[in-house]
Amino acid sequence: MIELQNVTKKFGTHTAIQNVSLTVHKGEIHGLIGASGAGKSTMLRVMNLLEIPDSGSIYVGDRELTTRSKRELREARKRIGMIFQHFNLVLNKTVEQNVAVSLQLAQVPKHQQIDRVRECLRFVGLEDQMDKYPAQLSGGQKQRVAIARALANEPEVLLCDEPTSSLDPHTTSEILTVIRDIHERLGVTVIIVSHEMNVIKSICQRVTVMDQGTIYETVPIESSGIPKSDRSPERFIKELKNDA
Amino acid sequence: MIELQNVTKKFGTHTAIQNVSLTVHKGEIHGLIGASGAGKSTMLRVMNLLEIPDSGSIYVGDRELTTRSKRELREARKRIGMIFQHFNLVLNKTVEQNVAVSLQLAQVPKHQQIDRVRECLRFVGLEDQMDKYPAQLSGGQKQRVAIARALANEPEVLLCDEPTSSLDPHTTSEILTVIRDIHERLGVTVIIVSHEMNVIKSICQRVTVMDQGTIYETVPIESSGIPKSDRSPERFIKELKNDA
Amino acid sequence: MPDILLRYQAEIWQAIGETFIMVGVSILAAILVGLPVGTLLYLCRKGNLLENRFVFSSLNLLVNIIRSFPFLLLVVFLIPFTRLIMGTAIGTAAATVPLSIIAFAHYSRLVEQSLLEIPKGVIDAAVSMGASVKEVVFKFLLVESRSGLVVGLTMSTISFISYSTIMGVVGGGGVGDFAIRYGYQQFQTDLMLYVIVIMVILVQMIQFIGMTIARKIDKR
Amino acid sequence: MPDILLRYQAEIWQAIGETFIMVGVSILAAILVGLPVGTLLYLCRKGNLLENRFVFSSLNLLVNIIRSFPFLLLVVFLIPFTRLIMGTAIGTAAATVPLSIIAFAHYSRLVEQSLLEIPKGVIDAAVSMGASVKEVVFKFLLVESRSGLVVGLTMSTISFISYSTIMGVVGGGGVGDFAIRYGYQQFQTDLMLYVIVIMVILVQMIQFIGMTIARKIDKR
Amino acid sequence: GTSEDQQETDSTEETAESTEEATEESEEVTLDVASLIPPMTEILELVEPELAEEGIDLNVVVLGDNIQPNDALHHEEVDANFFQHVPFMEEYNINNDASLVPVEPIYFANYGVYAADYESMDELPEGATIAIANDISNIDRSLQLLAQHEVIELEETDERYYTQSHISENPNDYNFEEVDLLMLARMYDDADAVVITPAYAEPLGLTPANDALLTEGTENEFAITLVAREDNVDEEAIQTLAEVMTSEIVRDFLEENYDETAIPAFDHE
Ligand SMILES: Nc1ncnc2c1ncn2[C@@H]1O[C@H](COP(=O)(O)OP(=O)(O)OP(=O)(O)O)[C@@H](O)[C@H]1O
Ligand SMILES: Nc1ncnc2c1ncn2[C@@H]1O[C@H](COP(=O)(O)OP(=O)(O)OP(=O)(O)O)[C@@H](O)[C@H]1O
Ligand SMILES: [Mg+2]
Ligand SMILES: [Mg+2]
């Protein structure tokens with residue numbers, strides 16, 4: 001589904017990704033881990049050509065991404081959802097509008113948009129915050145808006161850069177469940193960068209470890225499943241006391 | 001050391017913190033957990049009066065914070081380090097300058113500044129990125145700059161809002177070690193918001209669970225210690241395979 | 001009301017009307033031409049979405065040429081053009097032509113500046129969703145910079161009032177010209193001061209309205 | 001070089017010199033007065049660090065009054081003041097007085113606008129470190145908005161050139177006045193066009209230098 | 001009733017025809033005349049009713065500088081203008097390939113030298129600063145005024161205008177400061193002396209007769225003149241305008257309101 005061949009990306013003199021080749025199979029959930037600064041975000045950004053590589057080629061589906069026309073590239077991008085490490089929400093749009101915009105870009109009929117936006121916001125537990133602006137949200141709430149936005153358009157590929165970095169364990173479980181659901185229901189290919197081993201281990205089928213801009217190894221794992229959780233504060237107490 | 005008495009903070013009609021009272025003892029490492037949107041960040045921001053409460057009082061050290069003169073408040077704040085959830089770096093300052101500014105504000109003599117900045121950046125593993133600007137850093141690197149900035153001035157109180165949210169397990173361990181070190185060496189009082197139970201459990205002595213703007217419970221815990229780690233990519237592989 | 005104001009009531013109202021026409025048309029030109037030109041300047045700049053050295057340099061030069069002209073000479077220079085499209089080069093209607101041209105050039109720079117302040121992450125988000133350049137502009141750039149654009153338009157509008165002052169040269173009239181003509185050239189200092197007070201009130205109102213709107217629509 | 005330019009060489013050089021003096025002093029005034037005033041406008045605005053209705057309203061009114069005056073009348077109005085501090089109301093030196101006043105008013109608005117674009121998180125960081133207002137300004141606000149401030153100063157400088165054009169009225173001279181007097185009033189159209197080309201080059205240079213610096217110092 | 005209707009229709013037609021004829025006879029002509037400031041504009045307003053009686057609708061187009069009225073006339077946007085003296089007009093013709101022609105001189109603006117601190121030219125100290133207008137024809141006019149009274153001497157030249165470079169003798173070492181027409185009067189307190197038109201002197205409470213150290217008088221070519229174009233100067237409406245502008249009404253008006261400052265020029269014909 002996604003294939004990087006000998007991709008190199010430099011920022012000035014610093015090489016962020018060096019001659020990397022990686023194949024992500026259609027319909028898999030692929031983890032990407034590595035130390036801070038290893039090049040994980042850059043890898044994701046190269047996959048939808050937000051970052052143009054200095055050399056190498058990127059295949060998404062059957063065709064090389066860099067050779068496509070602008071229009072084809074745009075169409076390809078519409079089928080690739082992306083959750084940014086820093087959310088990148090539009091601060092002057094409400095929660096609802098932030099999610100709706102990805103549907104508008106995909107020319108989803110107006111009357112379907114509203115239902116779809118509500119549905120996505122319900123997934124991430126924000127259906128009652130539709131009219132707030134990002135500045136009025138907590139960190140985790142912002143992150144959930146970004147997730148809803150990426151899911152709204154039912155993409156074929158989902159690039160997730162630390163999607164649960166600001167989320168408490170319960171919300172994390174819920175988000176992971178949503179991601180696994182759409183993966184199972186729609187066959188979405190998911191690439192997930194996370195520094196939380198629990199997250200990676202719970203849903204990934206293969207994991208690539210990056211080190212200083214190169215791929216150290218890619219290993220298949222048995223996903224451990226998403227831990228059950230509920231929203232109650234008792235859970236926190238229980239967990240604190242359990243395995244201390 | 002820090003005491004909140006019946007503090008309430010509203011944003012418009014939404015009550016972010018409702019009639020909360022909490023005492024954090026001098027020299028303890030106090031955890032703050034709870035679901036996304038529970039009011040954790042707001043609690044921290046109230047503690048150094050970044051957010052002015054609608055009612056209630058805040059004692060830091062011996063005196064009420066809200067009754068102090070502007071000058072006294074500033075002096076108090078210089079002894080309270082803060083790590084923001086969204087880092088809040090100055091984008092037009094280099095890594096070095098971002099850290100140095102907190103020393104300048106505290107009137108640390110120039111020649112000591114440089115050494116101290118280097119030392120802090122070494123703590124967080126960024127001594128070789130001194131001259132980069134935040135836009136040139138990865139998410140985790142930005143977070144580490146924010147941590148270095150908060151530590152530079154050897155504060156008496158350290159407010160940490162998700163300090164390891166973008167950090168890989170190794171870096172997280174290192175940062176936690178640094179925090180525990182300064183806590184032990186200098187008796188710094190630390191309040192740490194995190195959604196990662198590992199983080200909370202590894203260094204906290206007491207933990208407060210928040211729920212919808214109120215305190216659900218505060219429990220003492222036995223800190224489990226910081227897991228050993230090294231920077232090598234093998235660690236990731238080992239961990240992936242170990243307890244899957 | 002002071003006697004002298006009463007005496008010149010009719011003329012003053014007419015002058016206010018003329019100012020409204022001149023400034024109103026300028027605002028239209030700023031929005032209809034200045035906004036697109038400023039956006040193009042931003043988009044075509046090195047490193048941006050439509051990077052295009054030729055378009056950028058041309059527009060940049062055009063705007064600079066307009067802004068380089070001593071305004072009086074721009075008015076004179078444009079007379080043949082004004083005559084062509086308005087049928088005459090004198091009067092309030094004719095005055096709107098050079099004013100519109102300076103207006104778009106003036107505002108386009110402020111638009112460019114506002115757009116330069118937008119964080120790059122927003123554009124990343126837009127591009128990653130497959131937005132076309134048009135969609136990036138309308139659904140992201142203009143939304144995110146809207147309060148800056150309103151602050152800029154407020155500043156521009158106040159400048160337009162100041163520019164319209166000179167339009168007496170070609171019979172454009174307006175409050176500024178009234179103040180110069182009666183107050184300054186004919187030494188009716190009190191009348192001049194009253195008229196200036198009117199202008200100050202006008203400017204205060206524009207500033208207040210502009211900044212209030214800007215604050216209201218700024219959700220960042 | 002065209003004959004006519006050679007013939008008026010001395011005058012043109014002198015005019016360029018006068019323009020440099022007038023615009024140079026205006027830039028100084030913009031930086032020394034406009035920057036602080038704009039910063040105060042920002043700080044004293046509702047909800048900001050030094051929130052102060054009285055100071056805000058006074059400064060806001062002052063700036064609006066200056067910007068409301070038809071520039072020509074401002075020049076006239078200030079004559080007694082100019083005479084007081086410069087000893088005379090005519091000549092290039094005297095012309096710098098009204099120019100400086102309009103310059104600071106003009107730039108202060110652009111400073112205010114740039115500061116309004118700073119993300120609130122930066123100020124939070126500054127305040128949480130115990131920065132005094134002065135330190136917030138110098139170590140955070142001005143650092144974070146520096147490229148916007150340079151873009152604004154570039155725009156202002158170009159406006160100052162345009163304003164200086166009018167200073168012929170009080171014998172200020174300058175290239176713009178040269179173009180008007182020799183070119184327009186004495187019908188030497190070719191000379192006028194050459195001089196305007198000089199002005200366009202001047203403005204292009206300022207724009208280029210300003211935008212290049214702004215890009216260089218923008219690390220966001 | 002049909003025949004009555006018929007009649008009525010007929011008579012209506014007739015009336016229509018006759019009205020048409022009437023209009024043809026005394027056809028409403030509109031005259032656009034560009035001008036600048038009083039007393040010029042006042043004179044035009046004064047004669048407006050007179051012209052209306054003749055079926056001429058006078059429209060005063062007030063412009064703001066000394067070039068636009070000629071430009072507008074040259075490009076047929078107005079039918080005449082009234083703001084300048086003949087040398088100024090000739091200069092415009094030469095430079096713009098125009099064919100503006102004087103119709104009738106109306107009044108002399110009696111140029112003069114005024115000083116705040118001195119009673120006569122002799123009191124003016126050596127090296128004194130004299131402010132003069134800064135446009136070429138008025139520089140010429142100011143220098144000629146001073147030369148006329150032998151304050152300075154001007155060398156012969158074949159250029160159209162005298163400028164400061166033509167001053168050959170300046171025994172008292174006067175400084176000539178050129179400032180904009182609009183600033184001249186305001187230089188009264190600043191310079192030692194100013195050379196201005198009475199229109200600008202009047203608001204300072206100065207008249208040529210009482211206050212001027214030197215005046216130009218009427219023996220000169222600088223009368224403010226009604227100007228039209230070669231192609232329309234002979235039109236009836238223009239001639240009618242010239243006629244009423246040189247009527248007793250205007251003379252009375254000038255003598256009553258502008259004694260000494262605007263001296264009627266049409267009795268010098
Ligand atoms: N400026 C604001 N205006 C309006 N509502 C706000 C504002 N800031 C926070 N809130 C609301 O207050 C509540 C508490 O926010 P806070 O940031 O304290 O949550 P949190 O516990 O830190 O959550 P997270 O773990 O997601 O960061 C949230 O529901 C949020 O939407
Ligand atoms: N725009 C840029 N200019 C210069 N260097 C950059 C830029 N963006 C990233 N880098 C550098 O490239 C390297 C890889 O960055 P990247 O963001 O891909 O890391 P990451 O693996 O996502 O790290 P993290 O887990 O901390 O987010 C880092 O060393 C970073 O400093
Ligand atoms: Mg990253
Ligand atoms: Mg938070």
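Note that the structure is a prediction, hence the values are computed from the model and not measured. Only this structure's heavy atoms are used, side chains among them; waters, hydrogens and symmetry mates stay out. Proteins come first, then strands; the chains are lettered A, B, ... in the order of their sequence lines, and each starts at number 1.
- Of the two parts of I200(A), only the side chain, counted from C-beta on, holds a non-hydrogen atom closer than 4.5 Å to a non-hydrogen atom of chain B.
- With a 4.5 Å cut-off on non-hydrogen atoms, Y216(B) touches chain A through its side chain but not through its backbone.
- A donor atom on one side chain and an acceptor atom on the other are found under 3.5 Å apart for S36(B) and R144(A).
- Looking at residues two or more places apart in sequence or on another chain, you find a salt bridge (Lys or Arg N to Asp or Glu O under 4.0 Å) between E174(B) and R231(B).
- The closest side-chain heavy-atom distance from K9(A) to Q18(A) is not below 4.5 Å.
- In this structure, the portion of K142(B) lying under 4.5 Å from any heavy atom of chain A is its side chain and not its backbone.
- A heavy-atom distance below 4.5 Å is not found between the side chains of T94(B) and M130(B).
- Only the side chain of E196(B) comes within less than 4.5 Å of a heavy atom in chain A; its backbone stays farther off.
- At a threshold of 4.5 Å between non-hydrogen side-chain atoms, the residues N6(B) and S55(B) do not count as touching.
- In the model, H25(B) has no side-chain atom that pairs as donor or acceptor with a side-chain atom of T189(B) under 3.5 Å.
- Residue S166(B) touches chain A through both its backbone and its side chain, counting heavy-atom pairs closer than 4.5 Å.
- Taking chain A as the reference chain and counting heavy-atom pairs below 4.5 Å, the highest number among D161(B), L167(B), D211(B) is found for L167(B).
- For residues 119-139 of chain B, the salt bridge (charged side-chain N to carboxylate O under 4.0 Å, His left out) pairs, not counting sequence neighbours, are R116(B)-E119(B).
- Among H170(B), E217(B), E162(B), the residue making the largest number of heavy-atom pairs under 4.5 Å with chain A is E217(B).
- The choice from N198(B), V209(B), T164(B) that makes the most heavy-atom pairs within less than 4.5 Å of chain A is V209(B).
- Annotation: maximal heavy-atom pairing with chain A below 4.5 Å, among P169(B), S165(B), G140(B), occurs at S165(B).
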